[in-house]
**Student:** 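Please read through the structure below; I'll follow up with questions.
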Amino acid sequence: EFGTPVYDNNGNVINFFDPVSGMSSNEICIQTNRDLPLMTHVDVNATDNANGEIYIQWSRPNAEELDTLQNPPPYRYELYSSDDLNGGNFGFSPIYVSPDYTDFYLAVDTFFTDLGLNTLDNPHSYRVAFYTNGDTLGFSSIAASIYLNVAASDETNNLTWQENVPWTNEQYVVHLETPTGSGTFTVLDTVTTRAYSHTGLVNGEEYCYYIEAIGTYNLAYIQDPLLNKSQIACGIPLDTIAPCPPDVSAIVGVSGCEGVADATPATDLFNTISWQNNEDSCANDVARFRVYFAPFCNGQYTLVGESAGLTDTFILHQPDVNNLAGCYYITSIDSVEVNGGGNESLPSGVVQTDNCPVYNLPNVFTPNGDDRNDLYVPFKPYRYIQQVEFKVHNRWGQLVYETTDPEISWDGRDMNTGQLLAEGVYYYTCMVYESRLNPQEAYPLCGYIHIIHNSR
């Protein structure tokens with residue numbers, strides 16, 4: 001049930017179910033009470049995996065906001081630590097306990113140096129418990145040491161760092177050890193983000209750094225600026241960027257079959273693969289090339305050749321004495337002087353090579369037992385023939401011989417009777433199956449064979 005209606009300045013009843021807009025209030029900033037300590041320093045003084053040191057400092061509570069009448073003495077600080085960035089491993093036992101202060105003015109800003117730490121491999125976080133009259137009033141906010149990471153790349157060290165502090169770090173000073181191992185650091189740069197790339201370095205040399213953060217609470221009576229260092233971290237730039245593959249358009253591939261004479265045996269034929277270095281893009285530190293081969297383009301590629309240097313840009317390769325067909329790609333390998341040539345480019349485009357088949361048949365032979373031209377065989381050499389379907393018929397159309405062997409080796413006998421056929425002319429047909437990268441249809445040969453018994 002509703003009460004007395006409410007009217008606007010024009011005498012209209014206000015419906016509170018209708019959307020209305022109101023005036024915004026003035027913006028104000030509220031500062032939280034300073035009745036607990038404020039962490040001000042978590043400063044790495046020594047970097048080591050067992051003997052690291054961190055300097056910790058905090059500011060005492062504000063006496064007026066603490067209300068020392070409501071929170072009487074004695075006062076005490078207890079410092080807790082965790083070996084991570086976010087205080088996930090705070091224990092029950094403090095690493096430092098202050099004396100009991102009988103008056104607030106005695107509970108001054110306090111510092112402590114934490115010893116025997118692994119500051120090399122992880123950050124450390126801290127918080128302070130504040131006791132009044134034997135009871136815990138509360139804990140300060142967590143503050144952690146800055147933790148620096150160095151990621152090495154080609155002629156570059158990429159620095160990034162993590163932080164977890166209750167104040168605001170406004171700037172970061174990057175310090176470089178010069179020379180490495182001297183213990184002397186110089187300012188390299190000052191940045192406002194938690195990242196820095198140190199470029200133009202010498203691959204294989206070590207560079208060491210630490211970060212000094214410049215921070216503030218922007219509060220009166222609190223030290224300003226707040227300076228805190230990270231641990232020392234080192235990196236060795238290495239060439240981790242693979243070069244480009246050789247230019248695909250410059251890969252020539254197999255020399256053409258047009259220039260191969262029919263009389264050339266398969267044992268004398270090779271694939272000629274050539275390429276050009278792609279110098280105008282990607283990494284330009286190519287040192288050598290690798291050549292890979294597979295019998296089929298979608299098959300398993302194996303390394304078949306490696307160049308001796310940049311001027312060595314072709315190879316002769318014979319996959320098998322009975323087969324030249326296959327697929328090749330080339331890769332680039334970067335400088336062996338830099339890092340052992342560990343970076344290999346992506347494959348170039350694939351080039352295909354094919355066989356240059358030859359198969360010709362004679363039209364006469366003399367199966368008379370004189371060990372000269374006694375067998376019917378193809379002209380030699382023949383190349384890259386997978387099989388044949390060879391058939392011989394007499395003048396009446398009867399099949400007198402057949403084989404699938406490309407060598408044929410017919411001795412002139414009738415396969416049905418085993419008897420030597422009479423002199424005369426016989427008709428043959430032959431389907432020839434070539435060995436190719438991509439199988440092709442067989443092509444036919446046909447003609448006449450003249451059997452001669454008495455020859456001079």
Side-chain angles (χ1 to χ4, degrees), residues 31-62 65-67 71 73-101 104 106-149 160-169 172 194 210-213 215-217 219 222-223 226-233:
Q31 179 179 306
T32 58
N33 290 336
R34 281 205 46 233
D35 56 355
L36 291 171
L38 286 181
M39 301 292 295
T40 58
H41 292 80
V42 182
D43 188 20
V44 179
N45 283 345
T47 300
D48 194 81
N49 63 356
N51 295 305
E53 299 180 9
I54 294 181
Y55 174 83
I56 306 103
Q57 184 175 326
W58 58 92
S59 178
R60 67 177 179 175
N62 184 290
E65 296 188 23
L66 173 63
D67 191 349
N71 300 284
Y75 304 105
R76 185 174 76 251
Y77 301 117
E78 291 186 357
L79 178 65
Y80 293 82
S81 69
S82 179
D83 57 356
D84 60 7
L85 193 70
N86 299 307
N89 299 315
F90 284 129
F92 294 104
S93 300
I95 63 171
Y96 167 78
V97 178
S98 74
D100 285 338
Y101 302 111
F104 183 75
L106 297 173
V108 296
D109 294 357
T110 308
F111 64 88
F112 176 78
T113 301
D114 197 6
L115 305 176
L117 303 175
N118 180 0
T119 54
L120 182 65
D121 298 317
N122 50 266
H124 293 262
S125 53
Y126 299 88
R127 66 179 179 179
V128 174
F130 184 61
Y131 285 80
T132 171
N133 197 26
D135 291 328
T136 306
L137 185 61
F139 289 89
S140 70
S141 297
I142 295 172
S145 58
I146 297 171
Y147 191 72
L148 172 63
N149 291 281
T160 57
W161 50 96
Q162 299 170 287
E163 65 177 37
N164 179 22
V165 293
W167 60 85
T168 301
N169 286 325
Y172 305 92
R194 295 195 298 271
Y210 74 82
I211 305 299
E212 184 177 43
T216 182
Y217 274 112
L219 294 175
I222 298 295
Q223 181 180 345
L226 302 176
L227 304 179
N228 290 279
K229 301 185 296 296
S230 73
Q231 91 286 10
I232 297 170

**Student:** Step by step, work out the side-chain contact (heavy atoms from CB on, under 4.5 Å) result for Asp35 and Asp67.
**Tutor:** CA-CA 8 Å; Asp35 56 355; Asp67 191 349; over 6 Å; no
**Student:** With rounding to the nearest 0.5 Å, note down the distance linking CZ in Arg127 to CE in Met39.
**Tutor:** 11.0 Å
**Student:** Check whether any side-chain N or O of Ser145 sits under 3.5 Å from a backbone N or O of Val42 as a donor-acceptor pair, and report yes or no.
**Tutor:**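 Not a single qualifying donor-acceptor pair exists.
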**Student:** For a quick test of reading the model, state the closest non-hydrogen atom pair linking Trp58 to Pro37 and the distance between them.
**Tutor:**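 Here Trp58 and Pro37 meet closest at CD1-CB, 3.9 Å.
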**Student:** What do the steps show when you test Tyr75 against Leu66 for side-chain contact (heavy atoms from CB on, under 4.5 Å), and what is the final call?
**Tutor:** CA-CA 12 Å; Tyr75 304 105; Leu66 173 63; 4.3 Å; yes
**Student:** Out of curiosity, Asn71 CG to Leu137 CG, how far, rounded to the nearest 0.5 Å?
**Tutor:**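 Reported value, rounded in 0.5 Å steps: 5.0 Å.
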**Student:** Using the side-chain contact (heavy atoms from CB on, under 4.5 Å) definition, which of the options Asp43, Thr113, Val44 pairs with Glu53?
**Tutor:**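 Of the listed options, the one satisfying the test is Thr113.
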**Student:** Looking only at heavy atoms, what is the nearest atom pair of Thr160 and Leu148, with distance?
**Tutor:**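 So the two residues come closest at O-CD1, 3.5 Å.
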**Student:** To the nearest 0.5 Å, what is the distance between CG (Asn118) and CD (Gln231)?
**Tutor:**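 If I round to the nearest 0.5 Å, the distance is 10.0 Å.
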**Student:** Indicate the atoms forming the closest heavy-atom contact of Ser125 with Gly87, along with that distance.
**Tutor:**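 Shortest heavy-atom contact: OG-N, 3.0 Å.
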**Student:** Among side-chain atoms of Glu78 and Tyr80, is any donor-acceptor pair under 3.5 angstrom?
**Tutor:**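 Glu78 vs Tyr80: donor-acceptor pair found between side chains.
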**Student:** Please report the shortest heavy-atom distance between Thr47 and Thr119, naming the atom on each side.
**Tutor:**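 Taking every non-hydrogen atom into account, CA-OG1, 3.2 Å.
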**Student:** With distance as the sole criterion, is a donor-acceptor pair present between the side chains of Asn89 and Asp83 under 3.5 Å?
**Tutor:** yes
**Student:** With heavy-atom distances below 4.5 Å as the criterion, would you say the side chains of Trp161 and Asn169 are in contact?
**Tutor:**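 Result no, sub-4.5 Å side-chain heavy-atom pair not found.
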**Student:** Parallel under 30°, tilted from 30 to 60°, perpendicular over 60°: which one fits the rings of Tyr217 and Trp167?
**Tutor:**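 Geometry flag for Trp167 against Tyr217: perpendicular rings.
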